[in-house]
J.: 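Sending over a structure as structure tokens; questions will come in a sec.
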Amino acid sequence: MKRCTLLIGSLFFSSLSLTGILLINYKIANSYVNSTGKTRALFGLVELSYSYKYYFLVTAILSLVLELLFLRKNKIKRIDYLALTLSILAIICILIPLWKVMI
């Protein structure tokens, strides 16, 4: 039963971090669209106020660690690939500025 909770925990933390980072990137994109020309020129400074998005990196790394612990103890199945992909995708989405794609 403990092994199954590792997988469920990994899926939960990766989905939590993906949802949070997508919401934050949406707020950043919305702020950029509503800003004027001078603010857009220096938008990197405005983006610093959203630096709390890097806190989700902790949950994404926790998800990756839980999934790797689960993979070490069990055979690999399709749901394991899903959990591993989601946790790696969450880490990538945190490090890449997705709000530029949303404009």
Side-chain angles (χ1 to χ4, degrees):
M1 191 68 179
K2 181 182 177 186
R3 287 178 253 159
C4 187
T5 57
L6 286 175
L7 180 64
I8 292 171
S10 175
L11 286 171
F12 173 74
F13 284 125
S14 62
S15 63
L16 176 74
S17 63
L18 272 174
T19 304
I21 200 65
L22 287 176
L23 286 174
I24 292 170
N25 278 317
Y26 176 75
K27 288 180 185 178
I28 294 171
N30 195 18
S31 176
Y32 182 80
V33 168
N34 292 331
S35 63
T36 60
K38 289 181 181 179
T39 308
R40 284 185 183 183
L42 297 171
F43 198 74
L45 298 174
V46 175
E47 189 181 3
L48 287 176
S49 66
Y50 294 99
S51 63
Y52 61 90
K53 70 179 182 180
Y54 295 109
Y55 292 141
F56 284 103
L57 192 60
V58 174
T59 58
I61 290 173
L62 178 66
S63 169
L64 183 64
V65 167
L66 287 175
E67 179 58 30
L68 291 176
L69 286 174
F70 183 76
L71 285 177
R72 197 174 109 192
K73 295 181 179 182
N74 292 345
K75 291 192 253 179
I76 298 174
K77 297 178 185 173
R78 286 188 184 178
I79 191 117
D80 299 332
Y81 286 127
L82 174 70
L84 188 63
T85 304
L86 282 177
S87 61
I88 292 173
L89 182 67
I91 292 172
I92 290 172
C93 286
I94 291 169
L95 298 177
I96 294 175
L98 288 177
W99 64 269
K100 291 180 181 179
V101 179
M102 294 180 184
I103 296 176

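Everything numeric in this text was worked out from a predicted model, so none of it was measured. For the single chain, residues carry numbers from 1 onward in sequence order.
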J.: Would you compute the distance between atom OG1 of Thr59 and atom CZ of Phe12 and round it to the nearest 0.5 angstrom?
T.: 9.5 Å
J.: Show the numbers, then the answer: is there a side chain to side chain contact (heavy atoms under 4.5 Å, CB included) between Leu86 and Glu67?
T.: CA-CA 10 Å; Leu86 282 177; Glu67 179 58 30; over 6 Å; no
J.: Could you give the distance from CG (Leu95) to CD1 (Ile21), rounded to the nearest 0.5 Å?
T.: 9.0 Å
J.: Counting C-beta onward and ignoring hydrogens, is there a side-chain heavy-atom pair between Leu84 and Leu68 closer than 4.5 Å?
T.: yes
J.: Is the shortest side-chain heavy-atom distance between Thr36 and Thr39 below 4.5 Å?
T.: yes
J.: How long is the straight-line distance from CG of Leu71 back to CG of Asp80, given to the nearest 0.5 Å?
T.: 5.0 Å
J.: Under a 4.5 Å cut-off applied to non-hydrogen side-chain atoms, are Tyr52 and Tyr50 in contact?
T.: yes
J.: Please check if the side chain of Ser10 supplies one atom and the backbone of Leu6 the other of a donor-acceptor pair under 3.5 Å.
T.: no
J.: Minimum heavy-atom separation for Asn25 to Cys93, with atom names?
T.: ND2-O, 4.2 Å
J.: Consider only side-chain heavy atoms of I, L, V, M, F, W and Y, link residues closer than 4.5 Å, and tell whether Leu18 and Ile92 are in one cluster.
T.: yes
J.: Give the minimum heavy-atom separation between Leu7 and Ala83, together with the two atoms involved.
T.: CD1-CB, 3.9 Å
J.: What closest approach, in Å, do Gly9 and Leu66 show between heavy atoms, and which atom pair accounts for it?
T.: C-CD1, 3.9 Å
J.: Using side-chain heavy atoms (C-beta onward) and a distance below 4.5 Å, is Phe13 in contact with Leu64?
T.: no
J.: Is there a path of hydrophobic side-chain contacts, each under 4.5 Å between heavy atoms of I/L/V/M/F/W/Y residues, joining Phe56 to Tyr54?
T.: yes
J.: Can you name the nearest heavy-atom pair linking Ser63 to Ser87, along with the distance?
T.: OG-CB, 3.3 Å
J.: Mind checking the CZ-CG spacing from Phe43 to Leu45? Nearest 0.5 Å is all I need.
T.: 10.5 Å
J.: Could you walk me through whether Lys53 and Glu47 pass the side chain to side chain contact (heavy atoms under 4.5 Å, CB included) check?
T.: CA-CA 10 Å; Lys53 70 179 182 180; Glu47 189 181 3; 3.8 Å; yes
J.: Quick one: are Leu11 and Ile79 in side-chain contact, heavy atoms under 4.5 Å?
T.: yes
J.: For the aromatic rings, using the six-membered ring if either is Trp, is the centroid distance between Tyr26 and Trp99 under 6.0 Å?
T.: no
J.: If you look at every heavy atom in Met102 and Leu22, which pair is closest and at what distance?
T.: CE-O, 4.0 Å
J.: Identify the heavy atoms of Arg40 and Val33 that sit nearest to each other, and give their distance.
T.: NH2-O, 3.0 Å
J.: Do Ile91 and Leu23 share a hydrophobic cluster, counting only Ile, Leu, Val, Met, Phe, Trp and Tyr and linking them when any side-chain heavy atoms are less than 4.5 Å apart?
T.: no
J.: Look only at the side chain of Thr85 and the backbone of Tyr81, and say whether a donor-acceptor pair between them is shorter than 3.5 Å.
T.: yes
J.: Do Val46 and Ser31 have side chains that approach each other closer than 4.5 Å (heavy atoms only, starting at C-beta)?
T.: yes
